[in-house]
Amino acid sequence: FPVPEQTTGGRPMAVRPQSSDPAFGEFVENVTWEKGGVVFSTLHLIGIARAPTDPTVAERRMDAAIAWTRATFARAHELESPGVLLATQVDPWRISGLPVLLRAMCPRCTEPSGGMDRLYPVLVEESLGFDGPVVLAVGDTHIFRVDKPLYDPATGRLVDNFTRVETFGNPLVHWVRVVVDPDTPSVFSFHQQMVAANVNQP
């Protein structure tokens, strides 16, 4: 992050890093930007299967992610944004499905994965309070899927405007194209992009 206010790569663009807030000055990797009125943010959250070497660091990282999530939605409300997209590495749900069936087979499988329990209610609250679609883009478990795993614990009801999209990953290395059209009701659409050289690989 040589210039925290700008992305790297072939076509740099301006972003606002969380490090511009003195309370979270070390988090240059959490950034936000807007395009077409849609608000995008990255959240530095990692490793569902890896215990943190320093729990204090993990808690601090989660504090920053929660604050940044709330700031993202506050900005979306301010702009009357048609949609919000959050991107992070960690997948809060190792297993997802109809809660009543999951609980019958595995009572704890509907709970957020380790370390994500503090983020879950924030996603519920902010999504329910937002009129447009909300997307959480994740990696981690490397299974391509587009689904709706977020339920309101208070009512048991699905949070309808929230969608998870998970991209491919090793050993199935392809990619997902996200099309953002603020003039459509869904705003976001998702398309699997298969890399020919990686098809049918072991």
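Because only heavy atoms are used, hydrogens play no part in the values below, and waters and symmetry mates are left out as well, while side chains stay in. It should be emphasised that the depicted structure is a prediction, and the values quoted were computed from it without experimental measurement.
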If only atom types and distance count, is the side chain of [X] paired as donor or acceptor with the main-chain N or O of [Y] below 3.5 Å?
| X | Y | result |
| --- | --- | --- |
| Asp152 | Arg157 | no |
| Thr72 | Ser41 | no |
| Ser19 | Glu26 | no |
| Gln18 | Val28 | no |
| Tyr120 | Tyr151 | yes |

[atom1]/[X] to [atom2]/[Y] distance, rounded to the nearest 0.5 angstrom?
| X | Y | atom1 | atom2 | answer |
| --- | --- | --- | --- | --- |
| Arg145 | Trp93 | CZ | CH2 | 10.0 Å |
| Phe40 | Leu85 | CZ | CG | 6.0 Å |
| Arg118 | Glu59 | CZ | CD | 5.0 Å |
| Glu125 | Arg70 | CD | CZ | 4.0 Å |
| Asp91 | His142 | CG | NE2 | 10.5 Å |
| Leu86 | Ser127 | CG | OG | 8.0 Å |

Taking all heavy atoms of [X] and all of [Y], pick out the closest pair and write down the distance.
| X | Y | answer |
| --- | --- | --- |
| Asn30 | Ala64 | ND2-CB, 4.1 Å |
| Ser20 | Pro22 | O-CD, 3.5 Å |
| Pro133 | Pro82 | CD-O, 3.1 Å |
| Trp68 | Pro17 | CH2-C, 3.9 Å |
| Pro92 | Met116 | CA-CG, 3.9 Å |

| message | With side chain to side chain contact (heavy atoms under 4.5 Å, CB included) as the criterion, how do Leu136 and Val138 come out once you've worked through the C-alpha distance, each side chain's angles and the decisive distance to 0.1 Å? | response | CA-CA 6 Å; Leu136 180 68; Val138 303; 3.7 Å; yes
| request: Can you establish whether the number of heavy atoms outside Lys148 located under 6.0 Å from its atom NZ is more than 12? | output: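 Enclosed: over 12 neighbouring heavy atoms sit under 6.0 Å from NZ of Lys148.
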| message | Can you confirm whether more than 12 heavy atoms, excluding those of Asp131, are under 6.0 Å from its CG atom? | response |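 12 or below, so no.
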| request: Please work out whether the ring planes of Phe144 and Phe168 are parallel, tilted or perpendicular, with thresholds of 30° and 60°. | output: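 Judged by the thresholds at 30° and 60°, the geometry between Phe144 and Phe168 is parallel.
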| task | Give me the ring orientation class for Phe130 and His77: parallel if the planes are under 30° apart, tilted from 30 to 60°, perpendicular past 60°. | result | perpendicular
| query | For Leu128, which of Val159, Leu150, Asp160 qualifies under side-chain contact (heavy atoms from CB on, under 4.5 Å)? | reply | Val159
| Full working for side chain to side chain donor-acceptor pair (under 3.5 Å) between Thr69 and Glu126 | CA-CA 8 Å; Thr69 298; Glu126 295 292 352; over 6 Å; no
| task | Under the side chain to side chain contact (heavy atoms under 4.5 Å, CB included) rule, what do Val146 and Thr163 come out as? Steps first, then yes or no, please. | result | CA-CA 7 Å; Val146 180; Thr163 300; 3.7 Å; yes
| request: May I ask you to list the residues sharing a hydrophobic cluster with Val3, side-chain cutoff 4.5 Å, ordered by chain and number? | output: none
| query | Taking the hydrophobic residues Ile, Leu, Val, Met, Phe, Trp and Tyr, and joining any pair whose side-chain heavy atoms are under 4.5 Å apart, which ones share a cluster with Phe27? | reply | Phe24
Going only through I, L, V, M, F, W and Y residues with side-chain contacts under 4.5 Å, is there a path from [X] to [Y]?
| X | Y | answer |
| --- | --- | --- |
| Val173 | Phe190 | no |
| Val178 | Val195 | no |
| Ile143 | Val90 | no |
| Phe188 | Val179 | no |
| Val57 | Ile66 | no |

| field | Note: Arg164-Asp147 ion pair, threshold 4.0 Å (strictly below) | value | yes
| query | Is the shortest distance from a Lys or Arg side-chain nitrogen in Arg16 or Asp21 to a carboxylate oxygen in the other one below 4.0 Å? | reply |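 No, no charged N to carboxylate O under 4.0 Å.
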Is the closest side-chain heavy-atom distance between [X] and [Y] below 4.5 Å?
| X | Y | result |
| --- | --- | --- |
| Met13 | Gln6 | no |
| Trp33 | Thr42 | yes |
| Thr32 | Val39 | yes |

| field | Stepwise side chain to side chain donor-acceptor pair (under 3.5 Å) test for His191 and Ser189 | value | CA-CA 7 Å; His191 309 268; Ser189 60; 3.2 Å; yes
| field | Inter- and intrachain pairs under side-chain hydrogen bond (donor to acceptor under 3.5 Å, both in side chains), touching residues 171-183, at least two apart | value | Arg177-Gln193
